[in-house]
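Structure first, commentary second.
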Number of protein chains: 4
Amino acid sequence: MKIAIFSVGGTIDKVYFDKLSQYQVGFPSVRAILESLPIAFEYEIQSLLRKDSLDMDDADRQFIKQRVAAQHCRRIIITHGTDTMIETGKALSDLNGKCIVLTGAMEPANFKSSDAVFNIGVAVGAVSSLPDGVYIAMNGRIFNPFQCQKNRDQGIFEEL
Amino acid sequence: MKIAIFSVGGTIDKVYFDKLSQYQVGFPSVRAILESLPIAFEYEIQSLLRKDSLDMDDADRQFIKQRVAAQHCRRIIITHGTDTMIETGKALSDLNGKCIVLTGAMEPANFKSSDAVFNIGVAVGAVSSLPDGVYIAMNGRIFNPFQCQKNRDQGIFEEL
Amino acid sequence: MKIAIFSVGGTIDKVYFDKLSQYQVGFPSVRAILESLPIAFEYEIQSLLRKDSLDMDDADRQFIKQRVAAQHCRRIIITHGTDTMIETGKALSDLNGKCIVLTGAMEPANFKSSDAVFNIGVAVGAVSSLPDGVYIAMNGRIFNPFQCQKNRDQGIFEEL
Amino acid sequence: MKIAIFSVGGTIDKVYFDKLSQYQVGFPSVRAILESLPIAFEYEIQSLLRKDSLDMDDADRQFIKQRVAAQHCRRIIITHGTDTMIETGKALSDLNGKCIVLTGAMEPANFKSSDAVFNIGVAVGAVSSLPDGVYIAMNGRIFNPFQCQKNRDQGIFEEL
């Protein structure tokens, strides 16, 4: 089994520079996570963008879509900022023949309390199990991007 | 969505006492893991056994089977020692109407390099996505218990 | 042996809110750190301020000085932001009969790669060992506040 | 400032092999700890022994003593098993011109709840601050090896 993994940025990859309390979107944290674990599937990771998802626009989504469409692997995970993960999921929904799971994190992977490792696990479990389609894997649940929303106050994704 | 989680012991729950280099199988580590994360599904956790899986026998498996069969929830995760996880999976395979995912860890949850959080994530993703049946979720893969084995030398599960 | 610990804020106690990429100075992280360890000395922790040290002024330093002077315990640790830790150290230098060690962290205690636990260890080792005076404990070294500086580019404290 | 660090084994360096619930004393964990931190002092690390301290004998202690005596650096830290750390400390007590601090951990460095990072911090703070002599740095306290004992029931070192 092989999974193609694309990273496009978001909180999961954020790195803070404390002197000025600023941050950058760093390298794909999914790489260090998977390299640290006893994994028995093949994967390749490509960093497409390093953006806060609030800064992503339609051109970014078209670029992601082209790259996903060009990927031979059927199983695809995209690590993405949570604020517009649903929009990107909708933009990919007319791609055929692929199982695409978007995930991310409410806290950067380098925070002690980050949900990144768990969420990537959920995404791996989902992409290994689901039929073709586009899915959001957040908070331990698998959502249809057309039937969910991010509840900012509670910091969780929920069904519409 | 609700998931019923049963813990029966295994490495994932092992606690070492260094003075004598001995260990006990402690409380279900899955509880602390899920409580530390922003989870959006309902779950309940029951500790059925606290055994190294090499010490489990047929009576233990019948006990687990009874408790799983009596559970109303369709989605079930069992945290289990890796050495006989496959045997327990086979023993549960004639239960109908349930999606049962067994998982565990190659290293105890309280080791810094443990695979426990990731594996529980994979199990949650799988149990949310799969049709009725019994599955093994280890090393980022979902296996049929009749078509996999634990490769002790490499420390991973693999297809037969 | 007893140590009085004062927290006044700084990076060590920073908590990030990712949605808006802002932070607050949270509760004293030194408390959770010491409570998680097998400690054999008595201590009490008081939160005096919760400020980024760039926002501290002379009135803040006088307030800290009053509270330190009023403390009966001879051994005192202050967790402090790194940007003006040296200034506070100088302001406390005419207090007699006390061994005062200031420490902090280059990364918040809740980052996986934080130096907070180590630095608090160094401060505990120093305050247990040194004669009366005021000291800076950063980067594994013990400095005289009048003979050191923070090298922002390298992110370390160094001798003048 | 330079610190010479010797590792001789002990719980701090233990690595567990779960399949058989056995362990080995691995490589010096102090190396990975210091390499992960923003350290501003020079150090060199030598692995002298890799033993559970209950397995150390007089010949081991003479070997350690020779190596410590031959070291030019005045400041020396020894990471050591906790069960006979005090005996080794006593054996080194007639060395002149050196400040020697022994430390270790109640839990292996690769356990999430390990005291290793904190204890090494305490040892660094102590060895930077103390006059010539031999000291035990455990549980956040600095002990004279002739005036302390390990309380096994409570898992802490205490004064005699």
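Numbers restart at 1 for each chain; the letters A, B, ... are given by sequence-line order, proteins then strands. In this text, all values refer to a predicted model and were calculated from it rather than measured experimentally.
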Under the ring-ring contact (aromatic ring centres under 6.0 Å, His included) test, residues paired with B:Phe41 that sit two or more places apart:
B:Tyr43
State, to 0.1 Å, how close B:Met106 and A:Pro38 come at their nearest heavy-atom pair, and which atoms those are.
CG-CG, 4.3 Å
B:Phe146: what forms a side chain to side chain contact (heavy atoms under 4.5 Å, CB included) with it, not counting sequence neighbours?
B:Lys90, B:Ser93, B:Asn144
Options A:Ser113, A:Ser36, A:Gly140, ranked by heavy-atom pairs under 4.5 Å with chain B, top entry
A:Gly140
Please classify the contact between B:Ile33 and chain A as side chain, backbone, both or neither, with a heavy-atom cut-off of under 4.5 Å.
neither
Taking the side chain from A:Asn139 and the backbone from B:Ile39, do they hold a donor-acceptor pair closer than 3.5 Å?
no
Measure across A:Ser128 and B:Ile142 and return the closest heavy-atom pair with its distance rounded to 0.1 Å.
CB-CG1, 3.8 Å
Is A:Leu34 close to chain B through its backbone or its side chain, or both, or neither, when contacts mean heavy atoms under 4.5 Å?
side chain
Expected contact set for residues 69-79 of chain A against chain B at heavy-atom separation under 4.5 Å reads none
Any residue of residues 114-126 of chain A which, by heavy atoms, sits under 4.5 Å from chain B:
A:Ser114, A:Asp115, A:Val117, A:Phe118, A:Ile120, A:Gly121, A:Val122, A:Val124, A:Gly125, A:Ala126
Contacting region of B:Tyr135 [heavy-atom separation from chain A under 4.5 Å]:
neither
Result of checking A:Pro131, A:Cys99, A:Ser129 against B:Ser129 for side-chain contact (heavy atoms from CB on, under 4.5 Å)
A:Ser129
